[in-house]
> 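After the structure tokens below, expect a handful of questions from me.
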Amino acid sequence: MERLSMFLVMLAALLIPILMARFKITGVPTAVAEIVMGIIIGKSGLNIIQTTPELTQLSSLGVIILMFLSGMEIDFDLFKPGSSNDQNRWSPVKLAGIAFIGTIVNGLILGLILKFTGLFDNVFLSVILFSTVALGVVIATLKEKEILSRPMGQTILLTAVLGEVIPMFALTLYASLNGGNGSQIWLIVLLFLAAIFLLRRFKQPYIWFNQVTKSTTQLDIRLAFFLIFTLVIIAETVGAENILGAFLAGMVMKLLEPSEATRDKLTSIGYGFFIPIFFIMTGVRLNLRTLLANPQALMLIPVLVICFILAKAWAFPVYRLRFKRRNAFAGGFLTVTTITLVLPSLQVARNLHTITGTQSDAFILAAVIVCILAPIIFNSQYHLDREDLIRQRVVFLGANTLTIPVAQQLGRNWFDIRMVTDDEKNYKTYNSQVDNLKYFPNLNEQTLAENDYFNTDILVTGFRRDDKNISFSRMAKDHAVNRVIMAQVNRTSDEKQLQTLGEQGVEFFNPFNVEASVLRSLIESPAVYQMLTSTEAGLFEVRVCNHKYTDRPLMDLPFVDQITISRIRRGNQWIIPTGGTTIEYNDHIIFTAKNLGTVATIRRELSKQN
């Protein structure tokens, strides 16, 4: 029976994603489907699974790795001042902070109401449970909507990060106080010191690891599991919860800046084996028969569902400060999603005997219900806004015959364009031709900084004088602009200054060379010239992030008849493709297409992260 139980759990883990794909079930998170499957084959349903020591151990490893991967999902750059690259005074950081404070207050009020009505008397645990957000589910939903890096996506993401990190620490405090270790809670500081030590110890060696690792050693994965078990052991030793140690291990791994390949391997190990077992066994252990036979517990389920929703209700008016009513409602409702931290929190509470099994099952079932509802409502209500469609923000310094036509075409293709000039005559000439052109007679670094022009993805210096282009390009790099493109008008410019700027990452283009290349194309290949100058056609680039299309030959792409692929950039190499060329993750595909609608569809499909 024990071997049969292991076999059935593994079979269920295999069949769930297959069945979801076959019946096109996209609104329900996989984790919830796994819990539901566990309910069907467990105590509440067919009762064909026996809880064996092996399955219990694998389930425990599953929750540890789930917390580790959740720690790796945190984008620490979002917490840096100005990191959101946002000109709006209601930045994602500010909105998320206010929304989560409101969640804590609502959770406390709801906990007190449950206590006074006699439904559930553990207020501290109520606040923890009602304030949690399922970070993994939220990230997956935002990725599917392709707004993870957009203002709304960042706001929801930061709210979810707070909803995972702060309840995690609160759970450790709760366990220490109720476990009789309150006087030793200061020892948790040792856990954080250990995490800092490991981060500093492996920061430099990790770069070397990436150079010497090979398929038979996988040093990056060995380091990840070393971090997990080291911090888990230290956490248990100092009286903290093992999931806190795993979460900190994930944060350490994230700060070591692992490659995308490393993240993919860790995700594959977790979600491919350990984590599904944890979710399935959670459903297996649920005893809905006992729950449904208890009138008080049965009454508790709809009450808890309402509480989970009301606890996050404050997010709607907060998000409304910046976003449209419909999207604010959808985004606020997505934060209701909660399952990942609820499960280990209830396990801790059961171990401490501060909650009954029936109450625990009621909380789990309520969490499953809201985890099904929240993504479905978000996907049905959220509509992409203009700022969700903006691909990149570009600032042009200098308005002239070189920059104006480019700005006009980019503006039609969902780039956010801003232009600056210090030439009054050019300003009067071109002001009616572009939407956002500003004139500053004394253009300098202070003026650009005060008006937030260095807060951009790309800055182009397009003056007709190289000394100005060099000066402003240097300023842009000093203000940490990611990409700076400089027009090199005069071939006799100071080579030493250009070399210094090149070493800082400044990109150069020579208008004369560009014009000569276009003229040659017109003479040699009129069709190519027409393609380059057309506003509807052109050369486009997309980075392949969708694993659905990796490790497949180009000829197998479903839309290959709609595009022409001219080159593939793989790392620092350029590949001339054939029908049998295999696509790899992170390839940059250069292609042409019949129309911009096709381009947008293909870009969205290939760049989708899954």
Side-chain angles (χ1 to χ4, degrees), residues 72-73 75 77-78 83 85 139-151 153-154 157 210 220 254 257-268 384 387-394 409-410 413-416 456-460 481-485 505 507 509 531 537-560 562-610:
M72 283 190 66
E73 293 287 2
D75 186 355
D77 290 336
L78 294 176
S83 60
N85 293 324
I139 288 175
T141 306
L142 295 177
K143 281 183 178 179
E144 289 178 2
K145 208 70 173 179
E146 297 182 6
I147 61 168
L148 187 58
S149 60
R150 302 306 181 189
Q154 289 188 8
L157 173 63
N210 288 332
D220 51 350
K254 174 73 173 184
E257 299 178 359
S259 66
E260 291 184 359
T262 298
R263 290 196 292 268
D264 283 343
K265 286 185 284 187
L266 289 169
T267 301
S268 298
L384 293 176
E387 63 179 353
D388 296 325
L389 298 172
I390 294 296
R391 290 205 289 269
Q392 285 183 312
R393 294 159 304 127
V394 184
Q409 293 189 28
L410 290 176
N413 290 331
W414 294 109
F415 282 82
D416 183 20
T456 184
D457 299 308
I458 302 173
L459 186 141
V460 179
V481 176
N482 184 32
R483 288 187 65 196
V484 178
I485 301 174
E507 303 166 53
F509 75 96
M531 180 188 70
L539 284 172
F540 303 95
E541 179 180 358
V542 61
R543 174 169 163 258
V544 180
C545 297
N546 192 338
H547 289 283
K548 178 181 177 181
Y549 298 103
T550 59
D551 299 322
R552 294 175 60 178
L554 289 175
M555 67 178 71
D556 287 350
L557 292 180
F559 41 74
V560 71
Q562 303 175 49
I563 63 175
T564 300
I565 299 175
S566 57
R567 291 287 189 276
I568 297 177
R569 181 163 63 85
R570 184 170 295 160
N572 295 323
Q573 294 182 335
W574 286 98
I575 298 172
I576 300 176
T578 65
T581 301
T582 301
I583 301 173
E584 294 184 6
Y585 184 83
N586 212 30
D587 277 354
H588 290 251
I589 296 179
I590 312 299
F591 68 98
T592 59
K594 297 177 182 179
N595 55 66
L596 292 177
T598 302
V599 172
T601 300
I602 292 172
R603 270 180 161 168
R604 181 170 58 250
E605 187 66 18
L606 289 176
S607 62
K608 184 186 297 182
Q609 296 185 347
N610 53 13

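Here the structure is a predicted model, which means the values were calculated and not measured.
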> Can you tell me how far apart CD (Glu605) and CD1 (Ile602) are? Round to the nearest 0.5 Å.
9.5 Å
> So Trp574 and Ile568, side chain to side chain contact (heavy atoms under 4.5 Å, CB included) or not? Walk me through it.
CA-CA 6 Å; Trp574 286 98; Ile568 297 177; over 6 Å; no
> Under the side chain to side chain contact (heavy atoms under 4.5 Å, CB included) rule, what do Ile583 and Leu557 come out as? Steps first, then yes or no, please.
CA-CA 10 Å; Ile583 301 173; Leu557 292 180; 3.7 Å; yes
> Looking at Arg263 and Pro258, would you say the former's side chain and the latter's main chain have a donor-acceptor pair under 3.5 Å?
yes
> When rounded to the nearest 0.5 angstrom, what distance separates OG1 in Thr581 from CD1 in Ile565?
8.5 Å
> Show, in sequence, the C-alpha distance, side-chain angles and deciding distance for Met72 and Leu266, and conclude whether the side chain to side chain contact (heavy atoms under 4.5 Å, CB included) test is met.
CA-CA 10 Å; Met72 283 190 66; Leu266 289 169; 3.8 Å; yes
> With a 4.5 Å cut-off on side-chain heavy atoms, are Tyr585 and Asn546 touching?
no
> Contact between Ile485 and Ile458 at the side-chain level, heavy atoms closer than 4.5 Å - yes or no?
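Side-chain contact under 4.5 Å: yes.
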> Would a 4.5 Å heavy-atom cut-off, applied to side chains only, mark Pro577 and Phe591 as touching?
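No, side chains not in contact.
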> Do Asp220 and Lys265 have side-chain heavy atoms sitting under 4.5 Å apart?
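In contact.
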> Assess whether a salt bridge exists between Asp587 and Arg543, defined as any Lys/Arg side-chain N lying under 4.0 Å from an Asp/Glu carboxylate O.
no
> Donor-acceptor pair, distance only, cut-off 3.5 Å: does the side chain of Thr456 make one with the backbone of Arg393?
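Here the side-chain-to-backbone pair exists.
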> Is the closest side-chain heavy-atom distance between Asp457 and Val394 below 4.5 Å?
no
> State the CD1-CD1 distance between Ile590 and Ile575, to the nearest 0.5 angstrom.
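It comes to 12.0 Å.
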> What's the separation between atom SG in Cys545 and atom CG in Asn586, rounded to the nearest 0.5 Å?
6.5 Å
> If you compare all heavy atoms of Thr550 against all heavy atoms of Glu584, which two are closest, and at what distance to 0.1 Å?
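Where Thr550 meets Glu584 most closely, the heavy atoms are CG2-C, 4.1 Å.
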> Would you say Val544 and Ile589 make side-chain contact, with heavy atoms under 4.5 Å?
yes
